[in-house]
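Here is the structure we will look at, set down as structure tokens.
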Amino acid sequence: MDARVRRVLDEALEQVQGTDITPADFAGNYAFCLGIVMGGCACGGISESEANEERANLMALAALYEVRQKVRLSLPN
């Protein structure tokens, strides 16, 4: 993976992994990360196998975020 693409993707992934992120912010950051992966793959900055790994990572982060949200909603105030 191109070092510049990796740096930008890592910075974007930090935003997705925030603990107090709103659903709207998560969705926007998730889409931004996915755009980086897709764009990097299209311009040759990311190989297809690396893109697949990054998409799988994003899916795992989305599942984790959803679980956190459900736990947060189920806790008594």
Side-chain angles (χ1 to χ4, degrees):
M1 179 179 305
D2 181 79
R4 293 171 292 182
V5 174
R6 176 83 265 168
R7 183 174 30 93
V8 171
L9 183 58
D10 285 343
E11 290 174 14
L13 284 169
E14 284 180 30
Q15 298 300 315
V16 172
Q17 296 178 44
T19 56
D20 293 329
I21 190 170
T22 66
D25 288 340
F26 180 85
N29 291 330
Y30 181 92
F32 182 58
C33 289
L34 190 56
I36 293 168
V37 171
M38 293 175 68
C41 191
C43 71
I46 301 176
S47 70
E48 191 63 40
S49 64
E50 290 170 324
N52 288 337
E53 288 177 28
E54 294 301 332
R55 283 190 287 266
N57 185 32
L58 282 169
M59 285 187 271
L61 289 173
L64 181 60
Y65 181 78
E66 187 174 341
V67 168
R68 275 194 230 140
Q69 288 298 101
K70 288 184 181 192
V71 167
R72 200 173 282 149
L73 290 174
S74 68
L75 293 174
N77 293 330

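In this chain, numbering begins with 1 at the start of the sequence shown.
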Residue pair Glu54, Ile46: steps toward the side-chain contact (heavy atoms from CB on, under 4.5 Å) verdict: CA-CA 10 Å; Glu54 294 301 332; Ile46 301 176; 5.5 Å; no

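- Judged as a side-chain hydrogen bond (donor to acceptor under 3.5 Å, both in side chains), the pairs with a partner in residues 29-47 (not counting sequence neighbours) are, in order, Ser47-Ser49, Ser47-Glu50.
- Every residue meeting the salt bridge (charged side-chain N to carboxylate O under 4.0 Å, His left out) condition with Glu66, not counting sequence neighbours, appears here in chain and number order: Lys70.
- In this structure Glu48 satisfies the side chain to side chain contact (heavy atoms under 4.5 Å, CB included) test together with Cys41, Asn52, Arg55, sequence neighbours excluded.
- Val67 meets the side chain to side chain contact (heavy atoms under 4.5 Å, CB included) test with Val71; sequence neighbours excluded.
- Tracing side-chain contacts under 4.5 Å through hydrophobic residues (I, L, V, M, F, W, Y), one reaches Met59 starting from Leu34; they form part of the same cluster.
- At least one side-chain heavy atom of Gln17 sits under 4.5 Å from a side-chain heavy atom of Leu61.
- Gln69 is linked by a side chain to side chain contact (heavy atoms under 4.5 Å, CB included) to Pro23, Tyr65, Arg72, counting only residues two or more places apart in sequence or in another chain.
- Not counting sequence neighbours, the partners of Val8 by the side chain to side chain contact (heavy atoms under 4.5 Å, CB included) test are Ile36.
- Under the 4.5 Å side-chain heavy-atom criterion for grouping Ile, Leu, Val, Met, Phe, Trp and Tyr, Met38 is connected to Phe32 within one hydrophobic cluster.
- Here the side chains of Leu9 and Val37 are in contact, with some heavy-atom distance below 4.5 Å.
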